[in-house]
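What follows is a set of notes on a single structure, which appears directly below.
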Amino acid sequence: MTYLSSLNEVQHQAVTHTDGPVMVIAGPGSGKTRVLTYRIAYLIEQGVAPQQILALTFTNKAAREMKERIQAVVGSKGERVWAGTFHSIFARILRVEAPKIDFPPAFTIYDRDDSKSLVGDIIKEMRLDPKQYNPNAVLARISSAKSNLITPELYAKDHELIHYDRMNKRPQIYDIYERYYKRCKQAGAMDFDDLLLQMYRLLQENKDNVREKYQRIFRYVLVDEFQDTNYLQYAIIKLLTVYHNSPFNICIVGDDAQSIYSFRGATIENILKFEQDFPEVSVFKLEQNYRSTDHIVKAANMVISNNNKQIQKEIWTELGDGHKIKVIKAVSDVEEGRLVASTIIEYKNRLHLENRDIAILYRTNAQSRVFEEHLRKQNLAYKIFGGLSFYQRKEVKDILGYLRLTVNERDDEAFKRIINTPKRGIGKTTTGKIAEIAVEEGVSMWAVLTSGLYPAKGKLASFVQMIEKFKAKAASSDAYEVAMMVAQESGIFEQLRQDQSIEGIGRMENASALLDGIKEFVENDIADEGATTDRSLAAYLSDIALLTDLDTTDEEESDYISLMTTHTAKGLEWKAVFVVGLEENLFPSYMSMGSPDQLDEERRLFYVSITRAKMFLALSYATSRYQFGQFRYNDPSRFLEEIDEIHFESTVERKKQLFKEPRLLADRPGRKKDFEPRVNPADFKPSPSEQLAEGMQVLHLQFGSGRILSIDGARDNKVATIHFDQGDDSERRIMLRFAKLQIVEQG
DNA sequence: GGGGGCTATGGGGGG
DNA sequence: CATAGCCCCC
């Protein structure tokens, strides 16, 4: 057990304290992954069977790394540990247990596009105004309901939710939710949230004692990034670990300061509740940072201290002062790209860094383009993470659509995608009719065609025949052979072959790469020692539905600069990190400007970003940038001001320039001293900006009440001049696009 | 009835 | 800047 000697005292305790509930609060770079993996290795060495250990992570990458490191200590049996994302582990279990909750074993996983399209269809069927009922907004409500364990029945009875929807002029959401839920069920499909919700149902309803079965299997449960779990995930964890005579062998690892997923339902409350739910919990705080030098660590501490709620801790390092933080000011997004690229060249020459030591982190994917262009110009190898994953490309999704319909004929979203792809003369009128009958009869579109509810003649008959042929093939052959047949006989390969443009050839390559991937999946069967591994087509589809771009490894080139969003960067580290686009309305995002809680989350995101750097940290901003199709001027991010200038490399002169431009200080709402909201956020109900007019008395979350003096600017860019009752700068110009105002009195 | 080109609209982070 | 809806032509 020599590996234990490499741990510091707290880490050692966290690893060897195996029984009963354990909570590890782990600051950035504090050896969290080491603790988790060594703890699992230690359990195995203590005689716990690997297959009795469940380790839940948020990304496939984290799970993969964990498995590799466990195997490095305990050998190949480490492979049998149940390590994976919540979604992938639950999908695997549901694949086996689906009939117990009335789903087919070959259930489909609906991705975001599928969900959105279904919600859109339902909104149309209900003849609701799609402008008012924006599918994305509706879906967000449904997702948040599911994450909080609110089923359609509960939603309809929940006065608070109903009231909220009424206020937002979307009173029918409960109805849409109910229909959406039924239609997913009808299609034998689960969306991402259902993988959690249906897992909960499975355990809760406990048919054939399935709950006890999994309680018995998972003797030790570990949860990584616990601060990012939502109510539902925690509820499932409790079903698995809290029962009569339970040893409560649950270990959670997390950091409240790195909670950045509240937008998808994560709640910091879970950490606080954990101590109430498990009063006998042993708590270990990992505060020593082994990643970054002191200027970076101190800056990070300083930034996070501006947040309201947090578990007290102070991160420290023994790695020395290190380099100061570089601040890069650019006049435009294009110049920002150029300056970052040239700084990278300078770093590489002066500091002997490789490409792989460097990352550029941005708040939104849309920012990647300028950096891409300038890196290419400078001949620097780079890789963009995020954006469209391989499996989201059209040509790939088309083939997958056929495979989905083949394994699950009720999958209406797949049906709609491929019925006329490639074009076979079955247009939207026909498809519309089939869909209409399907809704009326409460059956799938496939059933409408095959049961005679709609006459399947001619083109439709050949389509049915083709799919039947695929289904027959699937019954007798492996996934690869089916996919090959689909690609050829559906006409997809033929169509791609005809397009000899550069993009067209690329699409053909993608389609072939998909088939290669399926072949690999099938052949892995032999390599895997576990006989239980599911190599079916359904299992393949389920696997890839949960993969992200981060999971597709390419071996050919490994020395590249990494470009990704700040969210994706969580858990990763580089010698040199560039956090870019540090401007108000971008980072922090304009979407978060309305509420202190959301601003705190942006700050945590910034905290996560800067703590990715081991030795060199550079922060850049542009005073103007092309955004939403026009030039916009934004102030430097408030987060820059939260770092003491002793940690900055730039001269004081430059810094003065940076912060003393008069307008920066004048109309900056979020500065600490005047940030106490003058309105109770709970009582604040923003009014739609199109209703705002001159003379109205309005309420602003930070500035309190005021009167609109005038509104000017073009449609999407309206700016209101408002006289606020309190405060020194009583007249402010507020962009209606960003600001949330509540009408108190029509003028 | 189906296909293709045009205009309008919306745009955050991810399993 | 991408996608959806719309209109016009086949």
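Bear in mind the structure is a predicted one, so any value in this text is a computation, not a measurement. Residue numbering restarts at 1 for every chain, and letters A, B, ... go by the order of the sequence lines.
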field: For A:Arg363 against A:Ser589, the heavy-atom pair lying closest together
entry: NH2-CB, 4.0 Å

- prompt: Does A:Thr430 have a side-chain nitrogen or oxygen under 4.0 Å from the phosphate oxygens OP1 or OP2 of B:dG1?
  reply: no

- prompt: Do any side-chain nitrogens or oxygens of A:Thr429 fall under 4.0 Å of OP1 or OP2 in B:dG2?
  reply: yes

Closest approach to the side chain of [X], judged atom by atom: which nucleotide of [options] is it?
X: A:Phe263; options: B:dG14, B:dG12, B:dG11; answer: B:dG14
X: A:Ser592; options: B:dG11, B:dG14, B:dG12; answer: B:dG12
X: A:Lys428; options: B:dG13, B:dG4, B:dG12; answer: B:dG4

If I take atom [atom1] in residue [X] and atom [atom2] in nucleotide [N], what distance separates them, rounded to the nearest angstrom?
X: A:Phe606; N: B:dG12; atom1: CZ; atom2: C1'; result: 18 Å
X: A:Lys416; N: C:dA4; atom1: NZ; atom2: C1'; result: 14 Å
X: A:Arg112; N: B:dG11; atom1: CZ; atom2: P; result: 11 Å
X: A:Lys423; N: B:dG2; atom1: NZ; atom2: P; result: 12 Å
X: A:Met199; N: B:dG15; atom1: CE; atom2: C1'; result: 16 Å
X: A:Asn585; N: B:dG11; atom1: CG; atom2: C1'; result: 14 Å
X: A:Asp121; N: C:dG5; atom1: CG; atom2: P; result: 9 Å
X: A:His567; N: B:dG15; atom1: NE2; atom2: C1'; result: 13 Å

query: Considering heavy-atom distances to DNA chain C, does A:Pro130 or A:Tyr626 have its closest nucleotide positioned more toward the 5' end?
result: A:Tyr626

Categorize [X] for me: base, sugar-phosphate, or nothing, with a 4.0 angstrom heavy-atom threshold over every strand shown.
X: A:Lys116; value: nothing
X: A:Lys433; value: sugar-phosphate
X: A:Phe90; value: nothing
X: A:Ser88; value: nothing
X: A:Thr568; value: sugar-phosphate
X: A:Phe58; value: sugar-phosphate
X: A:Asp111; value: nothing

A:Gly427 vs A:Glu601, nearer the 5' end of DNA chain B by closest nucleotide: A:Gly427

- prompt: Which residue lies toward the 5' end of DNA chain B, A:Asn420 or A:Thr565, if each is placed at its nearest nucleotide?
  reply: A:Asn420

- prompt: Are A:Tyr633 and A:Phe631 an aromatic pair by the rule of ring centers under 6.0 Å?
  reply: no

Verify the distance criterion only: is there a donor paired with an acceptor across the side chains of [X] and [Y] at less than 3.5 Å?
X: A:Ser542; Y: A:Arg95; result: yes
X: A:Gln498; Y: A:Gln500; result: no
X: A:Ser332; Y: A:Glu335; result: no
X: A:Gln227; Y: A:Asp256; result: no

message: Give the dot-bracket line for DNA chain B from 5' end to 3' end: parentheses for intra-strand Watson-Crick or G-U pairs under 3.5 Å, square brackets for crossings, | for inter-strand pairing, dots for unpaired.
response: ||||||||||.....

message: For the NZ atom on A:Lys116, are there more than 12 heavy atoms of other groups (residues, nucleotides or ligands in this structure) within a distance under 6.0 Å?
response: no

- prompt: Tell me the side chain to side chain donor-acceptor pair (under 3.5 Å) pairs involving residues 418-436 of chain A, sequence neighbours left out?
  reply: A:Tyr402-A:Arg424

query: Got a donor-acceptor pair under 3.5 Å from the side chain of A:Asp193 to the base of B:dG15?
result: yes

query: With no angle test and no hydrogens, is the base of B:dG12 tied to the side chain of A:Glu602 by a donor-acceptor pair under 3.5 Å?
result: yes

Side chain proximity check, A:Asp411 to A:Tyr110, heavy atoms < 4.5 angstrom: yes

